[in-house]
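Residue indices begin at 1 and follow the sequence shown. Note that the structure is a prediction, hence the values are computed from the model and not measured.
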Amino acid sequence: MSYQPPGPPPPPSPAGPSRGRRTTVIIVAVVLAVVLLCCVGVAGGGFWLYRTVSAATEPARDATTAHFDALSAGDYAGAYQRLCQDRRDTLSETEYVRQESAAGQIAGYDIVGVNVSTTNGRTSGAVTVEVTYDGGAQRQETVRLVEENGEWRVCQ
């Protein structure tokens with residue numbers, strides 16, 4: 001065998017990012033895409049949860065609001081009609097009006113919490129209300145509600 005002199009040097013590498021740098025850019029892009037998808041998923045899930053909870057609690061909140069609006073207006077007979085059947089069976093309208101009149105005139109109220117649940121096929125709820133009476137006295141009440149024939153009724 002004879003000795004061969006070394007050939008010409010290899011051509012210079014093309015200009016541009018090196019293979020390692022390109023891999024790093026791809027990894028960063030993939031990580032950012034995954035983070036973006038996670039954020040979109042969390043935001044979408046949060047929105048869905050909010051809408052689901054609102055749909056479940058709004059009718060109970062609305063029934064409580066209507067009841068306290070009637071009481072605030074001094075419409076005790078109207079508030080009585082918003083009571084559940086069990087409550088109306090055990091308390092006459094006259095007695096209810098007497099009790100509510102004696103409690104004092106409601107100057108305002110705020111609903112501060114709503115809880116709805118279904119147990120053994122019966123839907124019920126509890127709404128926490130901060131009530132302010134004429135003269136400034138305040139009291140926090142938990143109002144029980146039940147769903148009767150598709151309509152929410154106060155059952156306090």
Side-chain angles (χ1 to χ4, degrees), residues 17-156:
S18 68
R19 181 176 218 148
R21 188 176 211 182
R22 186 175 21 193
T23 302
T24 301
V25 169
I26 291 171
I27 290 172
V28 168
V30 168
V31 168
L32 288 175
V34 168
V35 168
L36 179 64
L37 284 174
C38 287
C39 289
V40 168
V42 167
F47 180 71
W48 174 82
L49 182 63
Y50 170 78
R51 298 261 315 199
T52 301
V53 169
S54 290
T57 60
E58 269 320 299
R61 177 185 294 273
D62 292 345
T64 304
T65 298
H67 181 75
F68 276 89
D69 284 349
L71 290 174
S72 296
D75 180 13
Y76 302 120
Y80 180 81
Q81 295 305 314
R82 297 184 181 285
L83 295 178
C84 68
Q85 190 61 50
D86 288 345
R87 187 74 171 130
R88 285 183 284 156
D89 287 346
T90 60
L91 182 67
S92 72
E93 183 175 339
T94 304
E95 182 62 20
Y96 179 77
V97 169
R98 188 191 67 69
Q99 287 177 2
E100 291 299 328
S101 297
Q105 181 63 37
I106 294 176
Y109 66 91
D110 286 317
I111 294 177
V112 295
V114 180
N115 183 9
V116 173
S117 64
T118 301
T119 305
N120 295 331
R122 184 174 169 125
T123 304
S124 62
V127 178
T128 305
V129 184
E130 287 183 357
V131 182
T132 304
Y133 294 92
D134 282 347
Q138 290 187 323
R139 183 175 76 170
Q140 190 172 72
E141 295 182 27
T142 299
V143 179
R144 293 182 311 112
L145 294 103
V146 294
E147 189 175 23
E148 293 178 345
N149 301 321
E151 189 176 338
W152 283 92
R153 300 261 181 197
V154 173
C155 216
Q156 47 180 177

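- Using a 4.5 Å heavy-atom threshold, the side chains of Glu58 and Val114 count as separate.
- A 4.5 Å side-chain heavy-atom check between Glu148 and Glu151 finds every atom pair outside the cut-off.
- Heavy-atom minimum distance, Leu83 versus Arg88: O-NE, 2.9 Å.
- The shortest side-chain heavy-atom distance between Phe68 and Ile111 does not fall under the 4.5 Å cut-off.
- Checking side-chain atoms of Tyr80 against main-chain N and O of Leu91 turns up a donor-acceptor pair under 3.5 Å.
- Between the side chain of Arg153 and the main chain of Gln81, a donor-acceptor pair closer than 3.5 Å is present.
- Arg22 CZ to Ile27 CD1: the interatomic distance, rounded to the nearest 0.5 Å, is 12.5 Å.
- Distance check, rounded to the nearest 0.5 Å: OH of Tyr109 to CD of Glu130 gives 13.5 Å.
- Put simply, the side chain of Thr64 does not reach to within 4.5 Å of the side chain of Trp152, judged on heavy atoms.
- The two atoms that bring Val127 and Ala60 nearest to each other are CG2-O, 4.2 Å, heavy atoms only.
- Of the possible donor and acceptor atoms, one in the side chain of Arg144 sits under 3.5 Å from a partner among the backbone N and O of Cys155.
- Remark: the backbone N or O of Ser72 is paired with a side-chain donor or acceptor of Gln105 at under 3.5 angstrom.
- Shown here for Val129 and Val112, the closest heavy-atom pair between the two residues is N-CG2, 4.4 Å.
- Counting only distance, with no hydrogens or angles, the side chain of Glu141 and the backbone of Val131 share no donor-acceptor pair below 3.5 Å.
- In this structure a side-chain-to-backbone donor-acceptor pair under 3.5 Å is missing from Tyr76 to Gln99.
- Here the shortest heavy-atom pairing between Ala79 and Leu71 reads CB-CD2, 3.6 Å.
- Contact record, Val97 with Ala77: CG2-N, 4.2 Å, taken as the closest heavy-atom pair.
- For the atom pair Thr128 OG1 and Asn115 CG, the distance stands at 8.5 Å (nearest 0.5 Å).
- Looking at every heavy atom in both residues, Gly78 comes nearest to Ala70 through C-CB, 4.4 Å.
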